[in-house]
Amino acid sequence: IRSVSLLNGGLFPETHKPTVVQKLLASKAGNFVEKLIFRPIFKMGLKQVLGEQSKGNSQFLNDATEQVFRHGGVGLAHEQLGYIEERRQNRGRWVEALQNASNPPPGGKIPPVRLQLIDGLADTISGAHMVDNFKKWVPAATVVGIAGVGHYPQVEAPAQVVSEMKRFLNR
């Protein structure tokens, strides 16, 4: 692996700000809570994490909601959110891996891996506050913060994400 481009790296538990619904779903009551989530509630939660331009995109909101609810996908939410605890347990190991990838210890046989993070700065879960922390812990990485974009930069600003990835790969 010579380069890695990350999208919305909510790697740091100290900067991760889950929504109330995510906290409830990740709790021991998660299996029960997910049974209370209907389409309007899901859409309302989705709007919370989107940038201003995307909040009014009813086509995206309808499509994303349908994808989650199709074949009972919302019933997996409490299991999927296990990453919140995994992040807490593995933080040190994962951050060290990023640091060593971009700046390997001297004398090793592994070449450095170029890292890029593309993040929506308006993301309430892992936006500008997480970007600042990422820069602190992984200073060798290329970091691109996209203003006005929320939790899903690849959907909210796909042309800009592709452009930034191409620029990164062509360096």
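Quick note: residue numbers are just sequence positions, from 1. Computation of the quantities below employed the complete heavy-atom set of this structure, encompassing side-chain atoms and omitting hydrogens, waters and symmetry-equivalent molecules.
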**Q** Search all heavy atoms of V49 against all heavy atoms of Y152 and return the closest pair with its distance.
**A** CG2-CE1, 4.0 Å

**Q** Using side-chain contact (heavy atoms from CB on, under 4.5 Å) as the criterion, list what pairs up with R91, not counting sequence neighbours.
**A** F12, P13, E14, V95, W137

**Q** Could you check whether any side-chain N or O of D123 sits under 3.5 Å from a backbone N or O of S126, counting only pairs where one atom can act as donor and the other as acceptor?
**A** yes

**Q** Rounded to the nearest 0.5 Å, how far apart are CG of L61 and CZ of F42?
**A** 9.0 Å

**Q** Please name the pair of heavy atoms, one in G120 and one in P153, separated by the smallest distance, quoted to 0.1 Å.
**A** N-CG, 4.2 Å

**Q** I'd like to know if the side chain of S163 reaches the main chain of A159, judged simply by a donor and an acceptor atom lying under 3.5 Å from each other, with no hydrogens or angles considered.
**A** no

**Q** Taking salt bridge (Lys or Arg N to Asp or Glu O under 4.0 Å) as the cut-off, I'd like each qualifying pair that reaches into residues 51-63, sequence neighbours left out, listed once.
**A** E52-K55

**Q** For H129, enumerate each residue passing the side-chain hydrogen bond (donor to acceptor under 3.5 Å, both in side chains) test, keeping only those at least two apart in sequence or located in another chain.
**A** none

**Q** Partners of F32 by side-chain contact (heavy atoms from CB on, under 4.5 Å), sequence neighbours excluded?
**A** L36

**Q** Residues in side-chain hydrogen bond (donor to acceptor under 3.5 Å, both in side chains) with N62, at least two apart?
**A** K43

**Q** side-chain contact (heavy atoms from CB on, under 4.5 Å), that's the test. Do L117 and V138 meet it? Break it down for me.
**A** CA-CA 10 Å; L117 169 69; V138 192; over 6 Å; no

**Q** Which pair of non-hydrogen atoms, one from G51 and one from A122, has the smallest distance, and what is that distance?
**A** CA-CB, 4.3 Å

**Q** Partners of E96 by salt bridge (Lys or Arg N to Asp or Glu O under 4.0 Å), sequence neighbours excluded?
**A** none

**Q** Which side chain to side chain donor-acceptor pair (under 3.5 Å) pairs, counting each pair once, include a residue from residues 111-120, with sequence neighbours left out?
**A** S5-Q116

**Q** Test side-chain contact (heavy atoms from CB on, under 4.5 Å) on I37 and F69 and set out the steps.
**A** CA-CA 10 Å; I37 299 176; F69 279 84; 4.3 Å; yes

**Q** Other than V162, which residues form its hydrophobic cluster under the rule that side-chain heavy atoms must be closer than 4.5 Å?
**A** none

**Q** Kindly write out the residues that satisfy salt bridge (Lys or Arg N to Asp or Glu O under 4.0 Å) with R88, not counting sequence neighbours, or none if the list is empty.
**A** E85

**Q** Does the pair N8 and H151 meet the rule for a side-chain contact (heavy atoms from CB on, under 4.5 Å), with working shown?
**A** CA-CA 7 Å; N8 255 9; H151 196 64; 3.3 Å; yes

**Q** CG/L98 to CG/N103 distance, rounded to the nearest 0.5 angstrom?
**A** 12.0 Å

**Q** Could you measure the distance from the CD atom of Q89 to the CD1 atom of I84? Nearest 0.5 Å is fine.
**A** 12.5 Å

**Q** I'd like to know if the side chain of S54 pairs up with that of N57 as donor and acceptor (distance under 3.5 Å, no hydrogens or angles considered).
**A** no

**Q** For A64, which residues count as a side-chain contact (heavy atoms from CB on, under 4.5 Å) partner, sequence neighbours excluded?
**A** L46, F60

**Q** For side-chain contact (heavy atoms from CB on, under 4.5 Å), just list the numbers for T142 and R171, CA-CA rounded to whole Å, side-chain angles, deciding distance to a tenth of an Å, and then say yes or no.
**A** CA-CA 11 Å; T142 298; R171 279 193 204 127; 3.4 Å; yes

**Q** For E66, give me all partners under side-chain contact (heavy atoms from CB on, under 4.5 Å), at least two apart in sequence or on another chain.
**A** R39, R70

**Q** Starting at CE of M44, measure out to NZ of K47 and round the result to the nearest 0.5 Å.
**A** 10.0 Å

**Q** Using links of under 4.5 Å between side-chain heavy atoms of ILVMFWY residues, direct or through other members, which residues join V144 in one cluster?
**A** L7, I118, I146, V149, V161, M165

